[in-house]
Amino acid sequence: MSRVETIGRATMYLGDCRDILPTLGKIDAVVTDPPYEFETSGGGIFRRGRENMDQIAAAGLDKGFDYSLLSAEQFGCAIVFAHNDQWAGLLPHLAAEFPRYAICQWHKTNPMPVANKHYQPDTEIYVHAWKPGYHPAGELPQKQRFILAPNGQDGDIDHPTVKPLKVMLKIIGNVTGASICDPFMGSGTTGVAAVQMGRQFIGIERDPKYFDIACRRIEDAQRQGDFFTEAAA
Ligand SMILES: C[S@@+](CC[C@H](N)C(=O)[O-])C[C@H]1O[C@@H](n2cnc3c(N)ncnc32)[C@H](O)[C@@H]1O
């Protein structure tokens, strides 16, 4: 492992989560948007509308991940995004590990206007799976299985698959537990949402460029949170 950064309630590891996760012990929740696994060829005349898929492939984010990293031995609950083509393998894994799960959706209000021989890319599925004691948190209005939000970055963030903060804030609000880990941290959106909501965050990212972006965003989020707390005191 080459670097660990601790910034207030957040600890970030630069390295491979397959090496680092086994050293971390038990954590309440894993909330993650891991590398997708999909076929990047094809698209025909619609290929021009799929430039983002080329960027994802160029960053090596089309090769999937080892599902066994999401274990009920280590985590009380798991909230995981995945590509359409991963669910046939990932859902049976989560269902075998965790006794309860819900299939939830982020509906994009501004999907790319392409469909070709498939559906519009207007929905991303995430699954929330949990052990007893880690059921979804929140009051009735927060317990919707979907969120409506535009696709797009909150600011100029140099990463091909940044999740909107609005989506991650909704998701963190549904987590029971103080400690939240994102082993595929990317630009750190899960961490920004976690520290904004007063949770402890543990992030892992193997790419130094994305690691630095995540540390900067999480530091800013925490500084802003502390400023508002102090101003209110
Ligand atoms: C889909 S992106 C996450 C994007 C994130 N949700 C955001 O909002 O920025 C997945 C990230 O996992 C990282 N990654 C892939 N394999 C990894 C591994 N074995 N260990 C740690 N990080 C890894 C990639 O570099 C990439 O930044």
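Ligands are counted one by one from 1 in listed order, and the atoms in each one are counted from 1 as well.
Taking a cut-off of under 4.0 Å to the non-hydrogen atoms of Gly15, the atoms of ligand 1 that pass are 20 (N), 21 (C). Which parts of ligand 1 touch Pro183 is read off a 4.0 Å heavy-atom cut-off, strictly below it: atoms 21 (C), 22 (N). Residue-ligand proximity, Thr189 to ligand 1, at heavy-atom distances under 4.0 Å covers atoms 7 (C), 8 (O), 9 (O). The contact set between ligand 1 and Asp16, taken as ligand atoms under 4.0 Å from a residue heavy atom, comprises 18 (C), 19 (N), 20 (N). Close approach of ligand 1 to Tyr210 is summarised as follows: ligand atoms under 4.0 Å from at least one heavy atom of the residue are 25 (O), 27 (O).
Judged by the 6.0 Å distance and 45° axis criteria, Lys26 is not positioned over the aromatic ring of Phe75.
Note: an N/O pair closer than 3.5 Å links Ser187 and ligand 1 by distance alone. Checked against a 3.5 angstrom limit, the closest N/O atoms of Val162 and ligand 1 fall outside it. In terms of polar-atom proximity, Thr190 is not counted as a contact of ligand 1, lacking any N or O under 3.5 Å from an N or O of the ligand.
Note: His93 NE2 to Ser68 OG = 6.5 Å, rounded to the nearest 0.5 Å.
The part of His159 lying near ligand 1 is the side chain, judged by heavy-atom distances below 4.0 Å.
No side-chain heavy atom of Phe65 sits under 4.5 Å from any side-chain heavy atom of Pro183.
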